[in-house]
Number of protein chains: 2
Amino acid sequence: MAPPSGPVRAPEATGGDAGTRIKAARKEVGLTQQGLAAAVGVSRQTIIAMESGDYAPSVYLAIKVARALQAPVERIWG
Amino acid sequence: MAPPSGPVRAPEATGGDAGTRIKAARKEVGLTQQGLAAAVGVSRQTIIAMESGDYAPSVYLAIKVARALQAPVERIWG
DNA sequence: TCTTAACGTCAAGTCAACTTAACATCGGGG
DNA sequence: CCCCGATGTTAAGTTGACTTGACGTTAAGA
């Protein structure tokens with residue numbers, strides 16, 4: 001019987017900060033949520049979840065989002 | 001009925017390259033698989049999967065691995 | 001007032017990122 | 001030969017990253 005597992009998430013001390021940074025950077029580059037979703041190839045719901053919740057995207061999605069927002073991955077999620 | 005979904009994975013053109021880079025970088029810094037697993041806080045099986053398969057870690061795990069391997073996330077998975 | 005775009009919330013489905021455990025193989029040294 | 005460390009493979013479980021759909025709220029403009 002395996003213990004709880006699943007994707008590695010944000011450390012507690014930084015939980016939720018990435019979402020705030022994503023939202024700020026998105027506005028900085030002048031994109032709507034739907035615009036960012038289209039730019040990186042995911043649904044709007046995914047962008048909403050990323051901005052508002054404790055959410056750990058796959059590294060490939062994170063890289064796409066970081067490029068759209070003109071920042072390195074580490075600056076948003078690190 | 002939702003279409004297929006799940007974590008965003010590597011684009012087909014680059015599938016598998018990250019694993020090769022992780023393995024090379026790990027040896028470069030002189031870590032075993034178990035050593036890297038302990039350093040980033042995951043199981044050895046996860047490192048094996050990352051190095052050998054089409055695998056998309058969460059961005060938080062990717063950042064930890066990239067730090068242990070002394071490289072930016074984009075250089076390994078981008 | 002109405003209209004529209006943007007954002008927020010909820011629901012239920014598919015897919016895979018993680019886990020432990022156990023066994024097998026490989027390579028090097030005694 | 002045996003031993004040990006490192007690596008590879010398989011299995012089955014939990015958790016959550018994604019999807020579409022639908023509805024509600026907010027803000028700005030006509």
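Sequence lines set the chain letters: A, B, ... in the order given, protein chains first and strands last, and positions in each chain run from 1. Everything numeric in this text was worked out from a predicted model, so none of it was measured.
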Q.
For A:Ser43, give me all partners under side chain to side chain donor-acceptor pair (under 3.5 Å), at least two apart in sequence or on another chain.
A.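 For A:Ser43, the residues satisfying side chain to side chain donor-acceptor pair (under 3.5 Å) (neighbours in sequence not counted) are A:Thr46.
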(Q) Applying side chain to side chain donor-acceptor pair (under 3.5 Å), can you list everything that pairs with A:Arg9, at least two apart in sequence or on another chain? (A)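 Side chain to side chain donor-acceptor pair (under 3.5 Å) check on A:Arg9 returns A:Asp54.
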Rounded to whole angstroms, how far apart are [atom1] on [X] and [atom2] on [N]?
X: B:Leu61; N: D:dA17; atom1: CG; atom2: P; answer: 13 Å
X: B:Glu51; N: D:dT9; atom1: CD; atom2: C1'; answer: 15 Å
X: B:Asp54; N: C:dC18; atom1: CG; atom2: P; answer: 13 Å
X: A:Arg9; N: D:dT14; atom1: CZ; atom2: C1'; answer: 13 Å
X: A:Gln34; N: D:dT19; atom1: CD; atom2: C1'; answer: 13 Å
X: A:Met50; N: D:dC18; atom1: CE; atom2: C1'; answer: 10 Å
X: B:Ile22; N: D:dT7; atom1: CD1; atom2: P; answer: 14 Å

Q. With a 4.5 Å heavy-atom cut-off, do A:Tyr60 and B:Pro7 have their side chains touching?
A.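 Counting from C-beta outward, A:Tyr60 and B:Pro7 never come under 4.5 Å.
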Q: For the residue pair B:Met50 and B:Leu61, establish whether any side-chain heavy-atom pair is separated by less than 4.5 Å.
A: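 Heavy-atom side-chain distance check passes, below 4.5 Å.
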(Q) The criterion is salt bridge (Lys or Arg N to Asp or Glu O under 4.0 Å); which residues satisfy it with B:Arg75, sequence neighbours excluded? (A)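 Residues passing salt bridge (Lys or Arg N to Asp or Glu O under 4.0 Å) with B:Arg75: none at all.
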**Q.** Under the salt bridge (Lys or Arg N to Asp or Glu O under 4.0 Å) test, residues paired with B:Arg67 that sit two or more places apart
**A.**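 None.
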**Q.** A:Thr32 side-chain proximity, nearest of C:dG8, D:dC18, C:dA6
**A.**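 The listed nucleotide nearest to A:Thr32's side chain is C:dA6.
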Check the phosphate of [N] against [X], side-chain N and O only, distance under 4.0 Å to OP1 or OP2. Yes or no?
X: A:Ser52; N: C:dG8; value: no
X: B:Lys23; N: D:dG8; value: yes
X: B:Arg26; N: D:dA6; value: no
X: B:Ser5; N: C:dG13; value: no

What pairs of donor and acceptor atoms, side-chain ones from residues 22-31 of chain B against any protein atom, are under 3.5 angstrom apart with sequence neighbours left out?
| residue | atom | partner | partner atom | Å |
| --- | --- | --- | --- | --- |
| B:Arg26 | NE | B:Glu51 | OE2 | 2.6 |
| B:Arg26 | NH1 | B:Leu31 | O | 3.0 |
| B:Arg26 | NH2 | B:Glu51 | OE1 | 3.2 |
| B:Arg26 | NH2 | B:Glu51 | OE2 | 3.4 |

Q: Between A:Val8 and A:Gln33, just flag the one whose closest nucleotide in DNA chain C comes earlier from the 5' side.
A: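 Result: A:Gln33.
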Q: Describe the nucleic acid contact of B:Lys27 in one word from base, sugar-phosphate, nothing, applying a heavy-atom distance below 4.0 Å.
A: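 Result for B:Lys27 = nothing.
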Q: Strictly below 4.0 Å, heavy-atom distances to any atom of DNA chain C: list the hits from residues 35-49 of chain A, or just say none.
A: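 Those residues are A:Arg44, A:Gln45, A:Ile48.
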Q: Note the angle between the end axes of the helix from C:dT1-D:dA30 to C:dG30-D:dC1, five pairs defining each, rounded to 10 degrees.
A: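 Result, rounded to 10 degrees: 30°.
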(Q) Tell me every residue that passes side chain to side chain contact (heavy atoms under 4.5 Å, CB included) with A:Ala68, counting only those two or more places apart in sequence or in another chain. (A)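 Checked A:Ala68 against side chain to side chain contact (heavy atoms under 4.5 Å, CB included); matches are A:Leu36, A:Val40.
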Q: Determine yes or no for a side-chain-to-main-chain donor-acceptor pair under 3.5 angstrom, with A:Arg21 supplying the side chain and A:Ile76 the backbone.
A: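 At least one qualifying donor-acceptor pair exists.
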